[in-house]
Amino acid sequence: MNRSEMIRSRIEAAINITDLLVRDDSHLHAGHAGAQAGGGHFYVRVVSPDFTDLTPIARHRLIYQAMGDAMRNDCIHALSIDALTPEET
Amino acid sequence: MTDIQQSIREQVEGNPVILYMKGSPQFPQCGFSMRAAQALAGCGVEFAYVNVLEDEGIRQGIKDYGNWPTIPQLYVGGELLGGCDIIMEMYESGELKKAVQAATESAE
């Protein structure tokens with residue numbers, strides 16, 4: 001399982017998803033200081049009814065919690081997040 | 001509470017607007033920290049910052065303090081406002097300027 005697949009499976013296991021996009025942007029950041037530990041840069045767009053009535057920070061926390069120990073410098077260095085409800089798309 | 005957690009508490013409670021970032025606003029060391037610092041500068045208020053690359057204890061400690069796994073992190077009025085994505089969303093909607101101005105004024 002590559003890291004994009006791992007991110008997808010962890011989010012799917014923790015959050016009710018109506019739409020999910022995972023993109024590996026690591027190639028855009030190759031060589032900069034944060035990439036030295038081997039961590040990748042990823043973008044996720046998560047659409048879920050679970051986000052209804054949650055603040056942006058609470059939505060991001062749900063996603064970070066789903067990622068768990070993968071949010072380490074040598075695995076996922078950076079995760080850009082769009083977290084939307086179905087009504088917001 | 002450890003000494004590091006106590007230091008962080010004093011920083012976030014002693015500064016109405018404080019950005020934990022990699023590098024400095026003048027010489028940011030990461031694109032996400034750069035964007036966050038530029039958005040704050042665009043709000044026209046003074047803000048404090050901590051370069052987490054200069055202190056490994058703070059670098060890990062700030063992630064534990066707010067239970068937030070990435071840098072940058074923006075604290076306004078003692079509360080975690082968010083990381084780069086939330087900072088940029090709030091900057092573009094005008095909410096960031098309102099939040100940092102309100103926190104700065106109430107601290108005066």
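These values consider heavy atoms only, across backbone and side chains, with no hydrogens, waters or symmetry-generated copies. Each chain gets a letter, A, B and so on, in the order the sequences are listed, and its residues count up from 1.
- The neighbour count for B:Gln6 CD, taken as heavy atoms of other residues, nucleotides or ligands under 6.0 Å away, is above 12.
- Contact between B:Gly66 and A:Arg61 at its shortest, heavy atoms only, is O-NH1, 2.8 Å.
- One hydrophobic cluster, built from ILVMFWY side chains closer than 4.5 Å, cannot hold both B:Leu53 and B:Ile58; they sit in different ones.
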Per-pair distances, 0.1 Å, donor-acceptor, side chain in residues 69-86 of chain B, under 3.5 Å, sequence neighbours excluded:
from	atom 1	to	atom 2	distance (Å)
B:Thr70	OG1	A:Tyr64	OH	3.1
B:Gln73	NE2	B:Trp68	O	3.1
B:Gln73	NE2	B:Thr70	O	3.1
B:Asp85	OD2	A:Ile81	N	2.6

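- The CD1 atom of A:Ile57 lies 9.5 Å from the CE atom of B:Met90; values are rounded to the nearest 0.5 Å.
- Few gaps surround CG on A:Asn2; more than 12 heavy atoms of other groups in view lie less than 6.0 Å from it.
- Residues B:Phe32 and A:His41 bring their aromatic ring centres within 6.0 Å.
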